[in-house]
Amino acid sequence: MVSTMKTKNGSSEPFSYEFGGPVGALITTLALPVVVLLLSHWSLVGKVDLDVFGGGTSFWQSMLHSPVFCPSCHDKQVLCKCALGVLAWFCFQVALERWLPCELVEGAPVKGNVKHRLVYRINGHLAFWVTLLVVQVGFPTRDTSSETWQFGPMPLGLLYDYYAELALVTIGLCFALSTYLYFRSLTGDYILADGGNSGVAVYDFFMGRELNPRWGSFDWKEFCELRPGLIGWMCLNLSCLVQQQTKLGYVSGSMILLNIFQGVYVWDALYQERAILSTMDITTDGFGYMLVFGDLAWVPFTYSVQARYLVNHDPHLSYTALASVLALHMLGYFIFRGANGQKDAFRRDPTSKEVAHLKYLQTKRGTKLLTSGWWGMARKINYTGDYIMGLSWCLVCGFGSIVPYYYAIYFAILLIHRSIRDDHLCQAKYGDDWETYKKMVPYRFIPGVV
């Protein structure tokens, strides 16, 4: 969708909308919280249940009385405690980012300006392990008998018990942070993202106006991309594992595999933290509701749906079935890590031994596009590996319900849409060189197929 926008000097320039333009952005903004809360409920009951409204004489009263869309709204004390817990978790991750030893790494040129690179504090991997240590032995609790503070394991079961309430208050936090970021971008001379500067408030709120909002050296976007939501997802998974053990007296093979699969995925993202500095999220997209909600609410509370489903609806798969799913996941991880590792190594130093043999297309912009190795097979070969891993997360849940397969459906749509977005951006960025590159690497996802 193409429209026009007014520049500072009053002239008009074409502006290309995404996500259906302002109307699509508004619908998506309102729909995402509904989807998160529905998935929370459906993963609990194990099926698609549309009887989700509470009593009331109007639509809004029904929503407020619904245990699905407004969990514990009758008990404000519970919601307040959950809100404080979410804020404490966020602040804890900020403290780790600020205080733990780090590597200072320069990011990609800001909007192509090689003289302007932001510096990032890379210590997510250490924050991951410190968080696990605190969860296991360092959670502070008040002992009423001795009136002393003691340290022990985190009561993970509470995360499962108040899963929906935590999701609801996190959604509120996302709206609050997105609102702050939008109005902040209007008050200063900040670098704006091309895609979030349409002049239409609802669209820019969704896409994000400011490219790299910061408080001093604290980068909001890079921090939220990996820390609170991603590590929070792992903790929610562990809470489901604890709950299943409490309920059944043991932990099933599916639950063990799922926690390993997704735990390694989270660990890998944080171990490879510096690799995200060259991704579209960091270099191109503004930090608005789309990324805020995705990072802080969508990832932890929808990616943990399989674990929540398995607590009450474990399929008790055979060893053969579990081994088959494990093999599929290992294949996906091999492709995903191999492709991403190769790309990151080439970007850092194309003359290093591990990538010096690779062929590439030298573009007029001065950058190089890989045409051999993993990236000679398909332009988005890493997406293929990522999808195979995601599919394995669903398969450990068996075939008793469509609910845990939401991820396979959603992720396919997401990756296809993202690949189309990237294709358009690269076309604008590289011009004729991109067409040449596509002829050299004709397949998008699967070599010889598509």
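Since we're looking at a predicted model, the values are computed, not measured.
The pair Arg274-Glu103 counts as a salt bridge, with a side-chain nitrogen and a carboxylate oxygen less than 4.0 angstrom apart. Under a 4.0 Å N-O distance rule, the pair Arg418/Asp422 does not qualify as a salt bridge. Salt-bridge formation is detected for the pair Arg337/Asp268: a Lys NZ or Arg NE/NH1/NH2 atom is positioned less than 4.0 Å from an Asp or Glu carboxylate oxygen.
In this structure, Arg98 and Ser217 have side chains that are in contact, with non-hydrogen atoms separated by less than 4.5 Å.
Put simply, CG on Asn237 and CG on Leu159 are 11.0 Å apart, with the number rounded to the nearest 0.5 Å. The CG atom of Leu96 sits 11.0 Å away from the CZ atom of Arg121 when rounded to the nearest 0.5 Å. Between atom CZ of residue Phe206 and atom CG of residue Leu291 there is a gap of 9.0 Å, rounded to the nearest 0.5 Å. Distance check, rounded to the nearest 0.5 Å: OH of Tyr360 to CG of Leu369 gives 11.5 Å. To the nearest 0.5 Å, the span separating SG on Cys397 from CG on Leu310 amounts to 4.0 Å. With values rounded to the nearest 0.5 angstrom, Gln306 atom CD is found 8.0 Å from Trp393 atom CH2.
Judged as a salt bridge (Lys or Arg N to Asp or Glu O under 4.0 Å), and not counting sequence neighbours, the contacts of Lys364 are Asp433. Residues meeting the side-chain hydrogen bond (donor to acceptor under 3.5 Å, both in side chains) test with Ser252, sequence neighbours left out: Gln244, Asp314. When the ring pair (Phe, Tyr, Trp, His ring centres under 6.0 Å) test is applied to Tyr120, no partner is found at least two apart in sequence or on another chain. Remark: Asn382 engages Asn340 in a side-chain hydrogen bond (donor to acceptor under 3.5 Å, both in side chains) (not counting sequence neighbours). With sequence neighbours excluded, no residue forms a side-chain hydrogen bond (donor to acceptor under 3.5 Å, both in side chains) with Thr371.
Results of the ring-ring contact (aromatic ring centres under 6.0 Å, His included) test with Trp298 over Tyr410, Tyr289, Phe411 single out Tyr410 as the only residue that passes.
Side-chain contact, Thr351 with Asp349: a donor N or O sits under 3.5 Å from an acceptor N or O. Tyr203 and Asn197 form no side-chain donor-acceptor contact under 3.5 Å, judged by distance and modelled atom types alone. No side-chain N or O of Thr367 forms a donor-acceptor pair with one of Gln362 less than 3.5 Å apart.
Arg379 contributes a side-chain N or O that, together with a main-chain N or O of Pro442, makes up a donor-acceptor pair within less than 3.5 Å.
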Next item on the list: Give the intermediate values and the outcome of side chain to side chain donor-acceptor pair (under 3.5 Å) for residues Thr302 and Tyr406.
Entry: CA-CA 9 Å; Thr302 70; Tyr406 108 87; 2.6 Å; yes
Next item on the list: Kindly indicate, with the supporting measurements, whether the criterion ring-ring contact (aromatic ring centres under 6.0 Å, His included) is fulfilled by Trp220 and Phe218.
Entry: CA-CA 6 Å; Trp220 279 96; Phe218 177 74; 5.3 Å; yes
Note to self: With side chain to side chain contact (heavy atoms under 4.5 Å, CB included) as the criterion, how do Trp42 and Leu37 come out once you've worked through the C-alpha distance, each side chain's angles and the decisive distance to 0.1 Å?
What the structure shows: CA-CA 9 Å; Trp42 291 348; Leu37 294 171; over 6 Å; no
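The cationic group of Lys343 does not satisfy the cation-pi geometry with Phe346, failing either the under 6.0 Å distance to the six-membered ring centre or the 45° limit from the ring axis. A cation-pi arrangement, defined by a distance under 6.0 Å to the six-membered ring centre and an angle within 45 degrees of its axis, is present between Arg308 and Tyr160.
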Please list every donor-acceptor pair under 3.5 Å in which a side-chain atom of residues 227-234 meets a protein atom from a residue at least two apart or in another chain.
residue	atom	partner	partner atom	Å
Arg227	NH1	Asn123	OD1	3.2
Arg227	NH2	Asn123	OD1	2.7
Arg227	NH2	Glu273	OE2	3.1
Trp233	NE1	Gln262	OE1	3.1
Trp233	NE1	Tyr303	O	3.2

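Taking the six-membered ring wherever Trp is involved, the centroid distance between the rings of Phe334 and Trp374 falls below 6.0 Å. Proximity of the aromatic rings of Phe19 and His417 is defined here by a centroid distance below 6.0 angstrom, and this criterion is met.
For the residue pair Ser401 and Pro404, the shortest heavy atom distance occurs at O-CD, 3.5 Å. What you find for Ala25 and Thr29 is that their closest heavy atoms are O-OG1, 2.7 Å.
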